[in-house]
Amino acid sequence: MTEQLIQLRNEIDAIDDELLRLINKRAQLAQQIGHRKSSAVYRPERESQIFARLQQANTGPLKNEHITHLFTEIISLCRALEEPLAVAYLGPQGTFSQEAVIKQFGHAVTAIPCSTIDAIFRKVESGAASYGVVPVENSTEGAVGRTMDLLLQTPLKVCGELQLPIHQCLMAQHTNLAAIHKIYSHSQSFAQCQMWLNENLTTAIRINAASNADAARQAASDSNAAAIAGRKAAEIFGLEICATNIEDNPNNATRFLVVGQQDVAPSGRDKTSLAMATHNQPGAVHKLLAPFAQYQVSMTRLESRPSRATLWEYVFFTDIEGHQEDKNVAKALQALRDNATFLKVFGSYPAA
Ligand SMILES: O=C(O)C(=O)C[C@]1(C(=O)O)C=C[C@@H](O)C=C1
């Protein structure tokens with residue numbers, strides 16, 4: 001080893017010692033905060049402010065996404081010292097939903113796989129899990145109807161959102177595509193990879209699975225089969241990756257919501273999700289939405305779903321910019337309450 005290399009490594013050792021001391025000091029401070037908290041340990045608004053501040057201060061060479069990644073894990077460990085969290089998600093292990101849990105909460109949580117979106121809501125409502133992570137829309141396939149229907153019924157609040165890029169891989173016991181006669185996947189993933197499949201695996205039959213992870217599990221026991229799933233599923237089931245990024249749209253992403261029992265305080269960069277309905281009359285929807293324009297509230301999403309109560313009546317699901325405690329948002333919501341036949345605010349939370 002050259003003198004210079006030894007010198008550089010000595011400097012890294014000294015920095016690691018300092019980081020170790022500082023990270024443990026940070027953990028002790030989090031513990032002290034934990035002892036002073038009377039309610040929820042997880043504070044999405046504070047975590048969002050920490051990430052925003054660090055990104056602002058970051059001078060590189062590490063990219064902002066790396067800094068967020070690193071501090072997600074540091075905060076995750078500090079939070080777990082205050083109180084261990086259980087987070088329910090759409091399982092089994094190896095799904096994109098599990099990746100979403102890790103992206104939002106870090107690794108220091110107990111992730112509880114559930115077999116349906118209904119089961120996730122039930123786990124959180126009963127207190128068996130502190131939070132649930134549910135898919136709400138995909139950039140290619142659109143809204144996840146079951147999540148939207150359950151939001152109407154649940155007493156839970158929306159506490160957060162995150163977006164996960166969805167990169168699909170073809171995986172099998174080997175990489176010989178000529179030997180693949182069957183492909184397992186979830187129907188949504190098949191829909192997202194149609195062009196690639198039509199070009200590269202024309203004759204293989206497509207078999208629907210309950211989830212991508214379940215597809216990978218089945219491919220792991222059949223040498224003539226492959227699965228379409230996320231990279232994580234290949235790791236879990238010991239499969240080889242035959243092709244990566246096979247989704248038709250390279251910007252394919254799924255948006256997830258975090259649901260829990262708490263109202264989240266303003267972070268300074270928030271969104272509010274709600275659903276509303278009005279009479280089925282000419283101009284009624286225009287009138288319903290007017291308060292947003294009047295109080296300068298931006299809508300980031302507007303989606304209609306059948307009300308399920310009355311034929312051909314619709315509920316409008318809306319995301320707006322701002323927190324329900326912000327003055328303009330509060331005024332718009334009050335005006336909406338006066339006009340709408342139905343209004344439910346699901347919650348305000350830091351924008352992803
Ligand atoms: O500031 C708090 O309330 C903390 O508990 C500390 C901390 C952190 O590690 O920074 C941990 C958990 C919360 O979700 C937010 C922040």
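All ligand and atom numbering here is 1-based and tracks the order in the structure. These figures come from a predicted structure and were not determined experimentally.
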Side-chain donor-acceptor pair present, [X], [Y], cut-off under 3.5 Å:
| X | Y | result |
| --- | --- | --- |
| T95 | N212 | no |
| Y89 | E99 | no |
| E325 | S348 | no |

Residues in contact with ligand 1, criterion: heavy atom under 4.0 Å
R26, I33, K37, V41, Y42, R43, R46, E47, I50, I75, C78, R79, E82
Without placing hydrogens or testing angles, list every side-chain donor-acceptor pair under 3.5 Å for residues 74-85, not counting sequence neighbours.
from, atom 1, to, atom 2, distance (Å)
S76, OG, F105, O, 2.8
S76, OG, A108, N, 2.9
R79, NE, E47, OE2, 3.0
R79, NH1, F105, O, 3.2
R79, NH2, E47, OE1, 3.3
R79, NH2, E47, OE2, 3.3
E82, OE1, K37, NZ, 3.4

Let's go through W196 and L170 carefully: what are the C-alpha distance in whole Å and the side-chain angles of both, what is the deciding distance for side chain to side chain contact (heavy atoms under 4.5 Å, CB included) to 0.1 Å, and is it a yes or a no?
CA-CA 10 Å; W196 191 91; L170 187 84; 4.0 Å; yes
Which of these passes side chain to side chain contact (heavy atoms under 4.5 Å, CB included) with I320: L274, V345, T300?
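Of the listed residues L274, V345, T300, the side chain to side chain contact (heavy atoms under 4.5 Å, CB included) partner of I320 is L274.
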